[in-house]
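Below, chains carry the letters A, B, ... as their sequence lines are ordered, and counting in each starts from 1.
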Amino acid sequence: MTDLPKAYTPRDVEGAIYERWLAADVFAPDGAGSTADPALPPFTITQPPPNVTGSLHLGHAQRTAVEDLLVRHARMRGHRTLFLPGLDHASIAAQFVLDGILAKEGESRQTLGRERYLERMRAFSDTTRPVMLAQQRRVGASADWGRLRYTMDEGSAKAVRVAFDRLYRDGLAYRTEALVNWCPGCRTSVSDLEVVPTPETGTLWSVRYHLIDPATGQPLPDEGIVVATTRPETILGDVAVAVHPDDDRYRAMVGRMARIPFVERDVPVIADEAVDRAFGTGAVKITPAHDQDDYATGKRHGLPMPTVLADDATIADTGTRYDGMDRYEARELIVAELASRGDLVDQKPHEMIIGRCQRSNDVLEPRLKTQWFIRTGPLAERALDATRSGRTRILPERFEKTWEHWLTGIRDWNVSRQLWWGHRVPAWYCPDGHVTVSPEEAGPAACEVCGRPAAELQQDPDIFDTWFSSGLWPFSTLGWPDDTADYRTYYPTSVMETGYDIIFFWVARMMMLGLHLTDREPFHTVYLSGLIRDPEGQKMSKTKGNVVDPLAVIDETGADALRFALIHGAAAGQDQRFGRTKLENARNFANKLWNATRFVVGTRPPSVAEGAERRLPTEAHLGPAERWILSRASATVAAVDAAMADFAFGEVTRLLYDAIWNEFCDWGVELAKVRLSDETLPAETREATWWALVEALDTYLRLLHPIMPFVTEALWAAIPHRATDPDLLIVARWPAPLGRDERVEAEVDAILDLVRGLRNARAESRVAAATWLPTEVVVPVAMGPTFEALRPAVERLARARPLDRRLSREALGQGSGTTDGALTVIAGELEALAHRVDEAADGAGRGAERARLERELADARGWLASARDRLANEAFMAKAPANVVEGARAREAELADQVARLEDRLADLGS
RNA sequence: GGGCGAUUGGCUCAGUGGUUAGAGCACGCGGUUCACAUCCGCGGGGUCACUGGUUCGAAUCCAGUAUCGCCCACCA
């Protein structure tokens, strides 16, 4: 036992506790301080490694809080638990951040060059890494820091090479020229998931292409075909005009040639079913290298595919004066030129969806590029099978629909990026264009097609999409591809926790890659958290300026309060608004727990030695209050277990908040005070009361530990332990229910209801808080012993003294000679009469009491009427289950009794 | 265009068929009782978005409507 300071100051508590955990080596599943039962299966969590470059925000804190909650819960249940911490190199996101920093220095990727740029990146991430890890520690992550991994470390690098090699050998990775999403700002291709469809108002221009006179080969001034386009600059890449084969307007033109302006190219008018006759003019210009639909059309018709945009989205290789111009500048000039030629037939505003880059917000251009792709079809099949068969379950379940839909319609994954920060694609090309993929760090010894030596081979300059290495995370971090002890023990992982916003980016990729490469589902349960929003419901973002720094919150209210507040509002897949009132509520709760523990520690009976071993109170010395406290703690254990099994973490916090504050503190401690301070009681009795408090408190601290680890650890150190307990709560055992005592719960609850009723009557009648009212109470014989045991508590809690017990209602009022102005309280089977002594029991007091009782009577009559209606309903009596009918009957009887008693009392009061 | 979610007291949210729908915050009244004013006691406040249906019984199940939000989607 240690002393507790009077005031709860999270800062002092938390730092010291984390150091103790580290020193005791309890985080690692195989650490010296572990108390795990090796016979139980291990528990492994898969957590999303945060991006190295960012600082942590509340979303990360939420991730960590939920993961750590799961881990601590499993650890206390005796499982070896692995919470493997990590960081992600975040390729494109990191480059975006670094480019911003470089720009301020007047530098850029281009001015530095690849090597120096990467050096800068490493130096930069070296500064952010320790900051981010420290942030996770402040939140309280009980992660195994000795197993810290990074997606750019050698283990990850090897996993990436081997994984890609395997996919290539298995025909699931291929290199081809295809239309990709090109970001001119980032100068790289991005995957379909990184395209943000953005509604915008553009312009739909209608442009006339002149048809060619077959006789002369020259364009006809008066004969043309009008096409509609939103991107006139792509005219320079047009290779055909398409119309619907059944479109009578154009039937005659199919097969003729049209002249593309500026490039002065003659292209065919072709017929294709894909054309929508109703849109625009019904004639479509075909630019296969810069449009998805046109690319498909071009393929079908075997058309050439000239590219007209450079990497920076300037016009290139068209042989026109527009070469070198920015795409939008060229657009403007082209429109103007068409207008001056008289070939701009129409222009009107047009609502459309434009693809922008998730990272830089640039308008993306479809471009024909040679890229590496992952063939996702077969991988997706297995991922779908995993969830359909139930081998992996997704929580909340509704996300399985989303999962199904995305994986069913999935397109191949463009995994190569024209960036520098990341894992280099392990493919080498020989001068003849042969491809050799190798899992070896040094690359292949020779071209596997023609045998040219390594010296003549060139490695692909591209790197992988950052999600390719993240997709290997659950197993690459455990040693895969090597058959390590960790991999054998902790893979597949138990629970994968992340925000639902990266279900496709990350979860689906881990599942697809994991199944193919390890032949196992990488996790049994996918728990998708909701997102944290600001108090107005807005998504938190740096540009909106509403980002909350978790460290600032922790400094102010403590990590425990932050964790409790975040978990309090947590339901799978449900976003939550987060603001200071939730934090304050959580901080107050921690403070309440602190003070309740201080009370318990401070009221140790003198007959109990300091440092005595914790023991259950002797049965014979337990009063109803003590039995009630222990029974309620037991009920809470069962309820928390049920909620944990459902992953209903918000429910767990609510259960514990209610149990600790509204039951244990408000009633348990208050009832105990009476016995603890009663010098007339035997020492054994007072000890029993104290031990009951200690036992319940011990249970609550254990139950709350996964949510508020610091304060519970600190408080637990101050209460007595059993000899079998470890030194630290973090490795102590999760509580088992002690057993309920339903009868005691019911009887004590009834007496507490009476206390509430007396308080209520006093408050409504404006009895001064300090006033003691002589009170008579009628208690059924069966409850006699319980009442007698609690009599001193009722006196004190209801300020009812002297408190005289009567055997029947008829006997009420005999002691005082008058019942005028007395307060009547009917609480279930109990009834009390509290005599006003603070004021003259005159007509005014009587009138007020009469009005109060009439209100109660009116309410009771209303409820009685509805209860009787139900019982009079034949259909209800015939069809409702017996227990429900029984309950309704009991209810009716109770209400009828209550009404009768109120009527009697009102009659007594006279008019 | 498809799919999903939300809609419960002033605010933020629990509550998925069974008595009289709960909590925190806010609000009102009263409190220097020796754990806690980051507190204690008491109270006011909701036709559970709307319409219809199923049922003995609906905040809860079904259908539709409305509003807000999210995801997916290659129409120039």
* Counting any heavy atom closer than 4.0 Å, what does A/Thr603 reach on the DNA or RNA strands: base, sugar-phosphate only, or nothing? -> nothing

* Just checking A/Glu894: base, sugar-phosphate only, or nothing, at a heavy-atom cut-off of under 4.0 Å? -> nothing

* Asked: Can you find a donor-acceptor pair, distance only, under 3.5 Å between A/Gln292 side chain and B/A73 base?
  -> no

* Structure fact -> Testing B/C13, B/C71, B/A14 for proximity to the side chain of A/Arg577, the answer is B/C13

* To do: Would you mind classifying the nucleic acid contact of A/Arg587 as base, sugar-phosphate or nothing, using non-hydrogen atoms under 4.0 angstrom?
  => base

* **Between B/A63 and B/C4 - P atom distance, rounded Å** => 10 Å

* Asked: What nucleic acid atoms does A/Pro535 come within less than 4.0 Å of, heavy atoms only: base, sugar-phosphate, or nothing?
  -> nothing

* To do: Have a look at A/Arg411 and say if it touches a base, only the backbone sugar-phosphate, or nothing, with a 4.0 Å heavy-atom cut-off.
  => sugar-phosphate

* Asked: Within the structure shown, what part of the strands sits under 4.0 Å from A/Ala596 by heavy-atom distance: base, sugar-phosphate, or nothing?
  -> base

* Asked: When you look at CZ of A/Arg580, are more than 12 heavy atoms from neighbouring residues, nucleotides or ligands closer to it than 6.0 Å?
  -> no

* Asked: So, is the end of the A/Lys592 side chain (NZ or CZ) under 6.0 Å from the ring centre of A/Tyr8 and within 45° of the ring's axis?
  -> no

* To do: Return yes if a side-chain donor-acceptor contact under 3.5 Å exists between A/Asp272 and A/His301, otherwise no.
  => yes

